[in-house]
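Worksheet: the structure to be examined is printed underneath.
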Amino acid sequence: SGKAVGRAVHDLFEYEVARRSRSEGPDPLSDVLDVLITEHEAREHRAVAERMLATFLDSGLWTALQDAEIVHTELPVAGLDDGECPTVIDGTMDLLYRLRGTWHLVDYKTEPVPASERSTILQKYEDQLNTYAALWERATGQTIAETSLWLADASAKVTVSGDDGA
């Protein structure tokens with residue numbers, strides 16, 4: 001299913017980001033790909049997952065991660081929403097990194113998003129990313145300068161808010 005592929009690709013990205021500074025470099029055909037595809041019951045989508053991983057590893061985002069001072073993946077975030085009726089918010093930041101002293105938050109999206117619908121998906125996830133950024137700032141006192149989506153199917157990083165740095 002689409003969700004199974006999405007979970008497998010998230011896990012593949014997390015795995016490769018965690019080993020990004022190893023001298024042997026990324027290995028998109030590693031055994032972990034077989035394990036994750038099998039674990040998420042997405043065997044029929046192996047080629048899609050491989051393509052998404054290969055383009056991620058060939059992106060400007062990946063290059064920025066090589067130079068980042070700090071990188072967090074799958075970072076839990078929680079806090080109280082300050083709206084009229086306060087509610088507890090919790091979620092997971094897919095990727096948070098600091099490059100040249102500036103924090104960047106990236107949310108991975110694996111579903112296909114035609115170019116004509118990018119503004120719609122940006123609007124859909126803008127509140128979520130802004131909320132995560134606000135919770136991070138409240139907890140750490142540090143500002144996230146840029147929030148963006150990594151559209152894995154389109155191999156594109158699309159800025160939601162902030163500068164369009166790395």
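Residues take their numbers from the sequence shown, with the count starting at 1.
For the pair E137/W103, no side-chain contact is recorded, criterion being any heavy-atom separation below 4.5 Å from C-beta on. Side-chain contact check for L53 versus Y15: every heavy-atom pair is 4.5 Å or farther apart.
Classification of the Y108-F13 ring pair by plane angle, with boundaries at 30° and 60°, yields perpendicular.
Taking CG of L75 as the start and CH2 of W136 as the end, the distance is 6.0 Å to the nearest 0.5 Å. Note that CG of D67 is 7.0 Å distant from CZ of R100, once rounded to the nearest 0.5 Å. Put simply, CZ on F56 and CG on L65 are 5.5 Å apart, with the number rounded to the nearest 0.5 Å. With values rounded to the nearest 0.5 angstrom, R98 atom CZ is found 12.5 Å from I144 atom CD1. R138 CZ to L80 CG: the interatomic distance, rounded to the nearest 0.5 Å, is 7.0 Å. L96 CG to T147 OG1: the interatomic distance, rounded to the nearest 0.5 Å, is 11.0 Å.
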*Could you walk me through whether L12 and M52 pass side chain to side chain contact (heavy atoms under 4.5 Å, CB included), step by step?*
CA-CA 10 Å; L12 285 167; M52 288 179 175; over 6 Å; no
*Determine, step by step, whether L95 and E14 satisfy the side chain to side chain contact (heavy atoms under 4.5 Å, CB included) criterion, reporting the C-alpha distance in whole Å, the side-chain angles of both residues, the deciding distance to 0.1 Å, and the verdict.*
CA-CA 8 Å; L95 176 64; E14 181 181 6; over 6 Å; no
*For the pair D94 and E74, evaluate side chain to side chain contact (heavy atoms under 4.5 Å, CB included) and give the outcome as yes or no after the intermediate values.*
CA-CA 5 Å; D94 291 339; E74 299 298 317; 3.5 Å; yes
*Quick one: do Y125 and V160 satisfy side chain to side chain contact (heavy atoms under 4.5 Å, CB included)? Show the steps, please.*
CA-CA 8 Å; Y125 292 105; V160 176; 5.7 Å; no
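Cluster membership check: V88 does not share its hydrophobic cluster with M93, using side-chain heavy-atom separations under 4.5 Å among Ile, Leu, Val, Met, Phe, Trp and Tyr.
Side-chain polar atoms of E146 and T159 form a donor-acceptor pair below 3.5 angstrom.
Judged by distance alone, the side chain of R20 and the main-chain N or O of V17 form a donor-acceptor pair under 3.5 Å.
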